[in-house]
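Here is how names work: the chains are called A, B, and so on, in the same order as the sequence lines, proteins then strands, and each is numbered from 1. All values reported here derive from a predicted model rather than from experimental measurement.
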Amino acid sequence: MAFYVTTPIYYVNAAPHLGHAYTTIAADVLARHHRQRGEEVFFLTGTDEHGEPVALAAEAAGMTPRELADQNAERFKALAPLLNASNDFFIRTSDPRHVAKVQEILQRVKDNGYVELGTYEGWYCPRCADFKSETEIADGNRCPIHLIELTREQEENYFFKLSALQERLEQLYEQQPQFAGPDSRRNEALSFIRSGLNDVSLTRAKLTWGVPVPWDDGHVFYVWFDALLNYYTALSFARDGEDLTDTFWPASVHLIAKDILKFHCVFWPALLIAAGLPVPERVFVHGYLLMDGHKMSKSLGNVLDPFEIIDQFGADALRFYLLRDVSFGQDGSVSAADFESRYESELANDYGNLASRTIKMVLRYRDGAVPQVALDETIVAEFAGLPETVAGQIDEIELTAALEEIWQRIRRLNRYVDEQAPWQLAKDETKAADLDRALATLVEGVRAVTVLLLPWIPERAAQLLGTLGASDHTYAAATYGAALPTTVSDLEPLFPKPQ
RNA sequence: GGCUGGGUAGCUCAGCUGGUUAGAGCGCACGACUCAUAAUCGUGAGGUCGGGGGUUCGAGUCCCCCCCCAGCUACCA
């Protein structure tokens, strides 16, 4: 089994922020989980470097586009290890190998008859430096933003015949219902398709910072087409001397945020169909992280700084919080106060403290030797099927639901401690067997749950498993009762509280 | 305007194809315990499930109308 997951490639014109971190973390959870299952995984992220905004920003900064791209790409490249993201490659669209592959594929799109020279004519707002569609023009033929009168402008460029693919796209959505998710996003994309597709510009004539059009050296490709193709081109050169395309294409999941839905759910499959290539299995659209119900913005000063959190609490805490607090796929609010509350009550109190109390009891009552006895049937029953349930949820990209499923067992184990009251059993020699069973049941519970948590909190989970001498991190080991540890060693608080 | 979602306890949200007294976490109040990162566990208060009609033996869950919020309505990436 091969599993190929991608993040969008991030546009180098901006600095990395929480939104980038969010998508990368989610993709990493998927990648790590599928590796646990023993699948062959490829996880791709990278940077999108062409296009007018970069060219303009470079000019303003007195540098070449390439210099600017080189400089900013480094900042995104540095983000992944900081988040503990296990990406297998980092693609840059300015890579000559990407450029060559893009030219090859788009040439094929043209050879297949999906490109034609045309004139784009439309109402143009000089202030926006952009054409306006008929539907967004304000009364009096004015720009809806600047309220100035629009002028009629023309530009010659090559068009991608998207309109010719409308039927094929509708078929795709019908035959492959999972193609776009969640359902609300699927509906959105499908209704867009059904409302009628127009041809779109494939090239730009005035710009030079882009992939040159092989059949006309006066044009470069419109940056979106060059960017989308990264998912495909990367496979051909990510590993030296090897072409991974046959192994990993089509991609299993493209993770994106909702602002780029149209490109990924409509243009992208259309382009692949036009090129005669298989379309991805799935595009999953996640929501926005909001602060106080508003989109985060620097000017409002309501930014949750991922770097600050990692610095203070570690990457695991950030990873956990973002996927725990906001139902993955929906918009949701985040805040520093929420973060601290989740960190303390769930990571420190529920989970970290469960590990502490369990280990300390084994040390205190059994000198660190885990009794090798039968596990409590009640807990066995309540853990039955858990790995399968979690895997099923992850297959549906329900990352928050999966985490909740696991967390219910963590709460259950804390309840079990109180039910059994091992400190009472320890006072009575005749209850030794009961104490043995309770301790073994708890240690195994902590272990099993921690194996499941590895994708979310890879660092601390691995640390805890080390303390339990549990070296098997595969998904088979997530089954309760699969590998009762024999000894435990002392553990510093996994998630220490601040101050 | 059209389309797609959403409006459920103080807060954040679960509630699949309609079915017993509407759930969870957090917060709050009270209590229990002491193994543990003063952590944990129990009990309780708190909701006319946006509003109004309708279908049904029965609706948060289906239909109609209305109100409010968000996103999309194409070439900014």
### Task
Choose from B:rG5, B:rA77, B:rA39 the nucleotide whose nearest atom is closest to any side-chain atom of A:Lys497.
B:rA39
### Query
Considering only side-chain heavy atoms of A:Ser356, which listed nucleotide, B:rU37, B:rU4, B:rA77, is closest?
B:rU37
### Task
Rounded to the nearest angstrom, tell me the gap between atom NZ in A:Lys258 and atom P in B:rA77.
21 Å
### Task
Pick base, sugar-phosphate or nothing for A:Glu344, based on heavy-atom distances below 4.0 Å to the nucleic acid.
nothing
### Message
Classify the ring geometry of A:Trp407 against A:Tyr351: parallel below 30°, tilted from 30° to 60°, perpendicular beyond 60°.
### Response
tilted
### Task
Can you tell me, in whole Å, how much space there is between the P of B:rC16 and that of B:rA22?
16 Å
### Query
Taking any strand in view, what nucleotide pairs with B:rA59 in a Watson-Crick or G-U wobble way, both distances under 3.5 Å?
none
## Note on the structure
note: A:Asp350, atom CG; B:rA24, atom P; distance rounded to Å ~ 16 Å
#### Entry: Pairwise P distance for B:rG60 and B:rG53, with rounding to whole Å
14 Å
### Message
Name the residue from A:Phe267, A:Phe263, A:Trp268 that meets the ring-ring contact (aromatic ring centres under 6.0 Å, His included) definition with A:Trp224.
### Response
A:Phe263
### Message
I want to confirm an ordering. Mapping A:Arg324 and A:Pro496 to their closest nucleotides on RNA chain B, which one lands closer to the 5' end?
### Response
A:Arg324
### hbond_proxy A:Ser191 side chain to B:rC3 base (donor-acceptor, 3.5 Å cutoff)
no
### Message
How close do A:Ala189 and A:Cys265 get, counting heavy atoms only, and between which atoms?
### Response
CB-CB, 3.7 Å
### Query
A:Asp183 near the nucleic acid: base, sugar-phosphate alone, or nothing, with a heavy-atom cut-off under 4.0 Å?
nothing
### Query
Are any of A:Tyr11's side-chain N or O atoms less than 4.0 Å away from OP1 or OP2 of B:rC76?
no
#### Entry: Gap in Å between the two C1' atoms, one belonging to B:rC69 and one to B:rC62, rounded
24 Å
### Task
Select base, sugar-phosphate, or nothing to describe what A:Ser184 touches, counting heavy atoms under 4.0 Å on all strands.
sugar-phosphate
### Task
Please measure how far the P atom in B:rA9 lies from the corresponding atom in B:rA77, and state the result in whole Å.
43 Å
### Message
Over all strands shown, is A:Leu202 touching base, sugar-phosphate only, or nothing at heavy-atom distances under 4.0 angstrom?
### Response
nothing
### Query
Checking side-chain hydrogen bond (donor to acceptor under 3.5 Å, both in side chains) against A:Glu382, which of A:Gln408, A:Arg412, A:Arg409 comes through?
A:Arg412
### Query
When we call it a touch if two heavy atoms are under 4.0 Å apart, what does A:Gly352 touch: a base, just sugar-phosphate, or nothing?
base
#### Entry: A:Tyr114 and A:Phe160 aromatic ring geometry - parallel, tilted or perpendicular at 30°/60° bounds
tilted
### Query
Which whole number of Å gives the distance between the C1' atom of B:rU61 and that of B:rU55?
14 Å
#### Entry: Gap between atoms CH2 and P, on A:Trp407 and B:rG25 respectively (whole Å)
14 Å
#### Entry: Whole-Å distance separating the CZ atom of A:Arg415 from the P atom of B:rA24
11 Å
### Message
I want to confirm an ordering. Mapping A:Pro53 and A:Arg412 to their closest nucleotides on RNA chain B, which one lands closer to the 5' end?
### Response
A:Arg412
### Query
In whole Å, what is the span from the CG atom of A:Asp331 to the P atom of B:rC13?
10 Å
## Note on the structure
Against the side chain of A:Val200, the closest entry in B:rU37, B:rC41, B:rC75 is B:rC75
## Note on the structure
Winner on side-chain proximity to A:Lys262, out of B:rC33, B:rA74, B:rA77, is B:rA74
### Query
Would one find a side-chain N or O of A:Arg204 under 4.0 angstrom from OP1 or OP2 of B:rA77?
yes
### Query
Between the side chains of A:Thr6 and A:His254, is a donor N or O closer than 3.5 angstrom to an acceptor N or O?
yes
### Summary
Mate of B:rG31 across any strand shown (Watson-Crick or G-U wobble, both atom pairs under 3.5 Å) is B:rC41
### Query
Could you give the CD-to-C1' distance, from A:Glu398 to B:rG15, as a whole number of Å?
14 Å
### Task
Could you tell me whether A:Glu492 contacts a base, only the sugar-phosphate backbone, or nothing, with contacts defined as non-hydrogen atoms closer than 4.0 Å?
nothing
### Query
Nearest to the side chain of A:Arg357 - B:rA77, B:rU37, B:rA36?
B:rA36
### Given B:rG5, B:rA77, B:rA74, the nucleotide with the shortest approach to the side chain of A:Trp224
B:rA77
### Query
Are more than 12 heavy atoms from other residues, nucleotides or ligands located less than 6.0 Å from atom NZ of A:Lys497?
yes
### Per A:Asp418 side chain, nearest of listed nucleotides B:rU40, B:rA74, B:rG5
B:rU40
### Query
Please give, in whole Å, the distance from B:rA74 C1' to A:Phe263 CZ?
8 Å
### Query
Taking OP1 and OP2 of B:rA74, is either one under 4.0 Å from a side-chain nitrogen or oxygen of A:Gln166?
no
### Query
Is any side-chain N or O of A:Arg364 closer than 4.0 Å to OP1 or OP2 of B:rA36?
yes
### Query
Using the P atom in both, what is the distance from B:rC63 to B:rG27, to the nearest Å?
38 Å
### Protein-nucleotide distance (A:Glu346, atom CD; B:rU12, atom P), rounded to Å
16 Å
### Message
From the set B:rA74, B:rA39, B:rU37, return the single nucleotide nearest to any side-chain atom of A:Asn353.
### Response
B:rA39
### Query
Reckon A:Gln408 has a side-chain N or O less than 4.0 Å from the OP1 or OP2 of B:rG25?
no
### Query
Of the nucleotides B:rA36, B:rA74, B:rU34, which one has an atom closest to the side chain of A:Asn198?
B:rA74
### Message
Pairing donors with acceptors under 3.5 angstrom, does anything connect the side chains of A:Tyr222 and A:Asn157?
### Response
no
### Message
Suppose you measure atom C1' in B:rC66 against the same atom in B:rC76; what distance do you get, rounded to whole Å?
### Response
37 Å
### Assigned partner base of B:rG23, Watson-Crick or wobble definition, under 3.5 Å
B:rC13
### Query
Do the non-hydrogen side-chain atoms of A:Met361 and A:Val417 ever get within less than 4.5 Å of each other?
yes
#### Entry: Whole-Å C1' distance, B:rU4 and B:rG42
45 Å
#### Entry: Selected nucleotide, minimal atom distance to A:Asn187 side chain, candidates B:rU37, B:rU34, B:rU4
B:rU4
### Task
Please work out if A:Leu494 contacts a base, only the sugar-phosphate, or nothing of the nucleic acid, heavy-atom cut-off 4.0 Å.
base
### Message
Regarding A:Gly329, tell me which of base, sugar-phosphate or nothing describes its non-hydrogen contacts under 4.0 Å with the strands shown.
### Response
nothing
